[in-house]
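Along the sequence shown, the residues carry numbers beginning at 1.
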Amino acid sequence: MKSRFNTIDIRVITSELQSLLGMRVNNVYDVDNKTYLIRLQKPESKAVLLLESGIRIHTTEFEWPKNMMPSGFSMKCRKHLKSRRLIYIKQLGVDRIVDFQFGSDQAAYHLIIELYDRGNIVLTDCEYTILNLLRFRTNEVQDVKLAVRERYPVDNAKGPEPLLTLERLSEFLANIPQGEQIKKILNPHLAYGATLIEHCLMMFGFSSSAKIGQDFDLSKDGEKLLAALQMAEEFMEKSKSFNGQCGRKLKDLGKSHAITRRTQSGLNPGVWNCKVAALTLGYALHLSW
């Protein structure tokens, strides 16, 4: 069972949510201390955007129970975002971070959601100065401090890497110890995510757990591995222009992955109403959120 969005999920949902642009914030609610609802509307339509820190973002039709007393974070978001128009939604580089901008120019505010590790949701002004956030943290390696009045490090987002050449791939793998899994070696260095890497390896005849020196010989299999990575790059490009629709189920090649929500204590919404259909991995990945 999928527990959180991966890299390609984020690219697809970011593309899908472009349909919300131009809507104004009607209100902000909290379901719990890491899950928030943003009610959006324009004259001819309405939508509810769900943000769960570290886990997922998508629209929803389910009537989520809301806290009777809004949290301090919800109140801060209401103060700055209410009645403002959603201007853009973008992924920061290839990181699992999504930036929502409400309002324009000097009156703009950003709501940034981190969908990795323990997650975070950060409210900033037009210059990315932090106004409020769910989780304070310090990264000594990158010399970054996430706290009120600090600047959110948008410039630290990892950019896309050029596609590996056979020469670079050979140099990279030459010093890897025997017995190491290829997908685990590649994953930290590529933006595709483990699921897409594994799928493309299997499409080219590699085992899902192919290991250096056992199922893989660089001199014989290097070009085939490069072709698998080129396929992953093509899928990433396709995901940027996804034009699916929530609630619509797509099937391709007879395969689909249904992803169901874990039951929370005191909260069992069943299958989420929003179904994100993503034509990725050579078949339709459809998420039953």
Side-chain angles (χ1 to χ4, degrees), residues 2 4-31 34-62 64 77 80-104 108-116 119-124 152 154 157 191 193 235-250 257 259 261 269 272-280 284-289:
K2 183 186 286 287
R4 65 177 64 218
F5 273 17
N6 60 28
T7 303
I8 202 158
D9 293 329
I10 293 171
R11 287 173 73 90
V12 169
I13 195 64
T14 302
S15 177
E16 182 179 337
L17 291 179
Q18 299 302 311
S19 62
L20 303 180
L21 298 184
M23 288 187 167
R24 293 186 183 275
V25 176
N26 177 265
N27 216 337
V28 180
Y29 307 95
D30 48 291
V31 176
K34 63 184 298 185
T35 308
Y36 293 80
L37 302 172
I38 301 178
R39 191 176 297 278
L40 301 162
Q41 66 179 31
K42 54 184 177 181
E44 67 276 14
S45 61
K46 296 179 180 179
V48 177
L49 178 64
L50 183 145
L51 309 175
E52 184 174 2
S53 175
I55 305 295
R56 59 191 170 125
I57 53 174
H58 57 77
T59 56
T60 180
E61 295 176 3
F62 183 77
W64 292 83
C77 287
H80 295 290
L81 304 183
K82 204 167 180 179
S83 79
R84 296 192 187 278
R85 195 186 302 275
L86 179 56
I87 301 300
Y88 73 65
I89 305 167
K90 69 177 182 180
Q91 183 179 9
L92 295 184
V94 294
D95 288 342
R96 283 183 287 168
I97 305 173
V98 180
D99 179 5
F100 295 82
Q101 180 179 318
F102 299 88
S104 304
Y109 290 89
H110 297 263
L111 198 60
I112 300 168
I113 179 165
E114 298 178 348
L115 296 166
Y116 63 91
N120 213 344
I121 305 180
V122 183
L123 175 67
T124 81
Y152 189 86
V154 288
F235 281 133
M236 292 292 281
E237 285 301 309
K238 289 178 182 178
S239 69
K240 290 196 299 186
S241 57
F242 174 70
N243 59 355
Q245 181 179 2
C246 282
R248 184 181 176 190
K249 298 180 181 179
L250 299 180
H257 282 202
I259 300 169
R261 178 70 161 107
W272 291 327
N273 290 337
C274 181
K275 298 178 177 66
V276 182
L279 285 173
T280 58
L285 177 65
H286 108 244
L287 317 181
S288 296
W289 296 100

Check: [X] side chain, [Y] main-chain N or O, donor-acceptor pair, under 3.5 Å:
X	Y	answer
Arg85	Gly103	no
Arg4	Gly54	yes
Asn6	Ile8	yes
Arg11	Met236	yes

Only counting residues at least two apart or in another chain, list the ones meeting side chain to side chain contact (heavy atoms under 4.5 Å, CB included) with Val98.
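With neighbours one apart ignored, the set is Ile10, Thr14, Ile57, Ile89, Phe100, Ile113, Leu115.
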Stepwise, does the side-chain contact (heavy atoms from CB on, under 4.5 Å) test hold for Ile38 with Leu51?
CA-CA 8 Å; Ile38 301 178; Leu51 309 175; 3.9 Å; yes
If you look only at distance, which donor and acceptor atoms sit under 3.5 Å apart when one is on a side chain in residues 40-49 and the other is two or more places apart or in another chain?
none

Any side-chain heavy atom of [X] within less than 4.5 Å of one from [Y]?
X	Y	result
Asn27	Lys82	yes
Tyr116	Asp95	no
Ile13	Phe5	yes
Phe102	Ile87	no

Would Val31 and Glu52 satisfy side-chain contact (heavy atoms from CB on, under 4.5 Å), going step by step from the backbone distance to the final call?
CA-CA 9 Å; Val31 176; Glu52 184 174 2; over 6 Å; no
Residue pairs, two or more places apart or on separate chains, that pass ring-ring contact (aromatic ring centres under 6.0 Å, His included) and touch residues 35-54
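Matches after skipping sequence neighbours: Tyr36-Phe73.
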Just verifying a value: how many Å separate Ile121 CD1 and Lys34 NZ, rounded to the nearest 0.5 Å?
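These two atoms lie 9.0 Å from each other.
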